[in-house]
There are 2 protein chains.
Amino acid sequence: MLDNIYKENAKVFKAFSDENRLMILELLRNGEKCACVILEDLNIVQSTLSYHMEILCESGIVCGRKEGKWTHYSLSEKGCKYAKNLLTDLTTVSN
Amino acid sequence: MLDNIYKENAKVFKAFSDENRLMILELLRNGEKCACVILEDLNIVQSTLSYHMEILCESGIVCGRKEGKWTHYSLSEKGCKYAKNLLTDLTTVSN
DNA sequence: AACATATATCGAAAATATTAGATATGAGGT
DNA sequence: ACCTCATATCTAATATTTTCGATATATGTT
C-alpha cells in the first residue's frame with residue numbers, strides 16, 4: 001500500500017478538517033489531557049470522542065499515553081512539525 | 001453564519017484533504033495553470049475538476065483568473081500564508 | 001470473585017463529500 | 001446568427017465520514 005503519497009498526505013490534513021478535532025487540539029495546546037476531561041468540554045458521546053482520538057493519533061499529530069484506567073493525550077511535537085513542513089512544501093512556489 | 005470558527009478553520013484544511021486537490025496544488029506550485037492543462041494531468045472529468053477548483057478557491061488557497069474562454073488558477077500567497085499560520089497556531093503549545 | 005470506572009470497538013444510521021453525465025453559460029470564430 | 005470550445009452548474013449515484021448506542025476489554029476496588 002505504498003501506492004499513493006497524495007492519499008497519505010491528504011490523511012494528515014483530514015485530521016485537522018473536523019470541528020470537533022480542532023476543539024480537541026485547542027484543549028491539548030494547554031498540555032496533556034485525560035480523555036475524560038476532553039469529553040467534558042465537547043458535545044459528543046464517549047465513543048465518538050474515541051473515534052476522533054483514533055484519527056488524531058493515527059495521523060501522528062497527537063500521542064496517547066495509557067496510565068491505569070486512563071488515557072492521556074498530548075500534541076506530538078514530531079507529528080505537528082511534519083504537518084507544518086508538509087503544508088509549507090505544498091504551498092511554496094518552486095523556482 | 002458567524003456561528004462556528006472551528007467549522008470555518010476546518011474548511012481550510014478540508015481543501016488540503018483530498019488526493020486530487022493535492023495533485024492540483026502540486027501542479028500550481030510551478031505557477032499559474034489553465035484549467036484545461038490541469039485536466040490533462042488528472043484522471044477526472046471536467047465537471048469534477050470544476051468542483052475541486054471551486055473548493056480550492058472557496059478556501060482561499062487558490063485564485064482563479066478568467067481570460068476569455070479560459071480560467072487560470074494559481075496559488076494565493078495570502079491564502080497559503082493564512083493556512084500556515086492557522087496550522088502553527090493550532091499546534092503550538094501555549095505557555 | 002463481583003463490581004465500578006475509563007476507554008475501545010462494533011454495527012447501523014445519518015450526514016457529508018466525491019464523482020460523472022447532462023445541460024447551461026459565455027467567449028470567440030465563421 | 002450559428003457553431004465550437006472552455007468552464008460552470010445541476011442532478012443523481014456512490015463513497016466516505018461522523019455519529020450514537022450497545023458491547024467488549026482492561027484496570028482498580030470492595
Side-chain angles (χ1 to χ4, degrees), chain A residues 1 3-4 6-28 32-74 76, chain B residues 1 3-4 6-28 32-74 76:
Chain A
M1 223 217 282
D3 68 308
N4 198 333
Y6 298 97
K7 209 171 247 175
E8 277 308 302
N9 288 343
K11 200 166 145 190
V12 174
F13 295 110
K14 262 182 197 160
F16 291 95
S17 54
D18 174 271
E19 56 174 322
N20 283 313
R21 292 197 288 274
L22 292 188
M23 289 183 209
I24 293 167
L25 291 177
E26 186 163 77
L27 292 173
L28 296 183
E32 190 181 67
K33 288 250 175 338
C34 179
C36 60
V37 171
I38 298 172
L39 188 57
E40 285 173 355
D41 278 334
L42 298 181
N43 238 339
I44 53 178
V45 300
Q46 183 270 322
S47 60
T48 301
L49 176 63
S50 205
Y51 163 78
H52 285 301
M53 296 320 295
E54 157 85 9
I55 287 177
L56 288 169
C57 290
E58 262 296 301
S59 75
I61 60 183
V62 165
C63 285
R65 179 175 70 80
K66 287 210 152 188
E67 187 180 297
K69 292 191 285 183
W70 299 276
T71 311
H72 300 273
Y73 293 101
S74 58
S76 158
Chain B
M1 221 216 285
D3 67 309
N4 197 331
Y6 298 98
K7 208 170 248 174
E8 277 307 302
N9 289 343
K11 199 167 145 191
V12 173
F13 295 111
K14 258 178 201 159
F16 291 94
S17 55
D18 174 89
E19 55 174 324
N20 284 313
R21 292 197 288 274
L22 291 188
M23 289 184 209
I24 293 166
L25 290 177
E26 186 163 77
L27 293 173
L28 296 183
E32 190 182 66
K33 288 251 176 336
C34 179
C36 59
V37 171
I38 299 172
L39 188 56
E40 285 174 355
D41 278 334
L42 297 183
N43 239 340
I44 54 177
V45 301
Q46 182 270 325
S47 60
T48 301
L49 176 62
S50 205
Y51 163 78
H52 286 300
M53 296 319 297
E54 157 86 9
I55 288 176
L56 288 169
C57 290
E58 261 297 299
S59 75
I61 62 183
V62 165
C63 285
R65 178 175 69 81
K66 288 210 153 191
E67 185 179 299
K69 292 191 286 184
W70 299 278
T71 311
H72 300 274
Y73 292 102
S74 58
S76 157

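Proteins get letters first, then strands, A, B, ... in listed order; numbering begins at 1 in each.
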So which protein N/O to nucleotides 11-17 of chain C N/O distances come out below 3.5 Å?
unit_1, atom_1, unit_2, atom_2, d
C/dA17, OP1, B/Lys14, NZ, 3.1

Worksheet item: Residues two or more places apart in sequence or in another chain: which of them pass side-chain contact (heavy atoms from CB on, under 4.5 Å) with B/Ser17?
Response: A/Phe13, A/Lys14, A/Ser17, B/Lys14
Practice prompt. Could you check if a side-chain atom of B/Val62 sits within less than 4.5 angstrom of a side-chain atom of B/Ile24, using non-hydrogen atoms only?
Written response: no
Fill in: Euclidean distance, atom CD of residue B/Glu54 to atom C1' of C/dT18 [Å, nearest integer]
14 Å
Worksheet item: By a strict heavy-atom criterion of less than 4.0 Å, which residues belonging to residues 33-47 of chain B are in contact with DNA chain C?
Response: B/Ile44, B/Val45, B/Ser47
Worksheet item: Does the side chain of B/Tyr73 come within less than 4.5 Å of B/Leu56's, by heavy atoms?
Response: no
Fill in: A/Ile55 side chain near A/Asp18 side chain, heavy-atom distance below 4.5 Å
no
Worksheet item: salt bridge (charged side-chain N to carboxylate O under 4.0 Å, His left out) with B/Glu26: which residues, sequence neighbours excluded?
Response: none
Discussion item. For A/His72, give me all partners under side-chain hydrogen bond (donor to acceptor under 3.5 Å, both in side chains), at least two apart in sequence or on another chain.
Written reply: none
Fill in: Phosphate OP1/OP2 of C/dT9: any A/Ser50 side-chain N/O under 4.0 Å
no
Practice prompt. Just jot down the side-chain hydrogen bond (donor to acceptor under 3.5 Å, both in side chains) partners of B/Glu32, sequence neighbours excluded, or say none.
Written response: B/Arg65
Practice prompt. Extract, from 5' to 3' on DNA chain D, the first and final nucleotides lying under 4.0 angstrom from some heavy atom of chain B.
Written response: D/dC5 to D/dT9
Worksheet item: According to the Watson-Crick and G-U wobble definition with distances under 3.5 Å, which dot-bracket string, read 5' to 3', encodes DNA chain C, using [ ] for crossing pairs and | for pairs with another strand?
Response: ||||||||||||||||||||||||||||||
Discussion item. Under the rule for salt bridge (charged side-chain N to carboxylate O under 4.0 Å, His left out), what residues qualify as partners of B/Glu58, not counting sequence neighbours?
Written reply: B/Lys11
Worksheet item: Should B/Thr48 be listed as having a side-chain N or O under 4.0 Å from OP1 or OP2 of C/dA20?
Response: yes
Worksheet item: For every nucleotide of nucleotides 24-30 of chain C, 5' to 3': is a protein heavy atom under 4.0 Å from its base (B), only from its sugar-phosphate (S), or from neither (-)?
Response: ---BS--
Worksheet item: Applying side chain to side chain donor-acceptor pair (under 3.5 Å), which residue pairs with at least one partner in residues 42-54 of chain A are found, sequence neighbours left out?
Response: A/Arg21-A/His52
Discussion item. Could you work out, with side-chain contact (heavy atoms from CB on, under 4.5 Å) as the rule, every residue matching B/Lys33, not counting sequence neighbours?
Written reply: B/Leu28, B/Asn30, B/Val37, B/Ile38
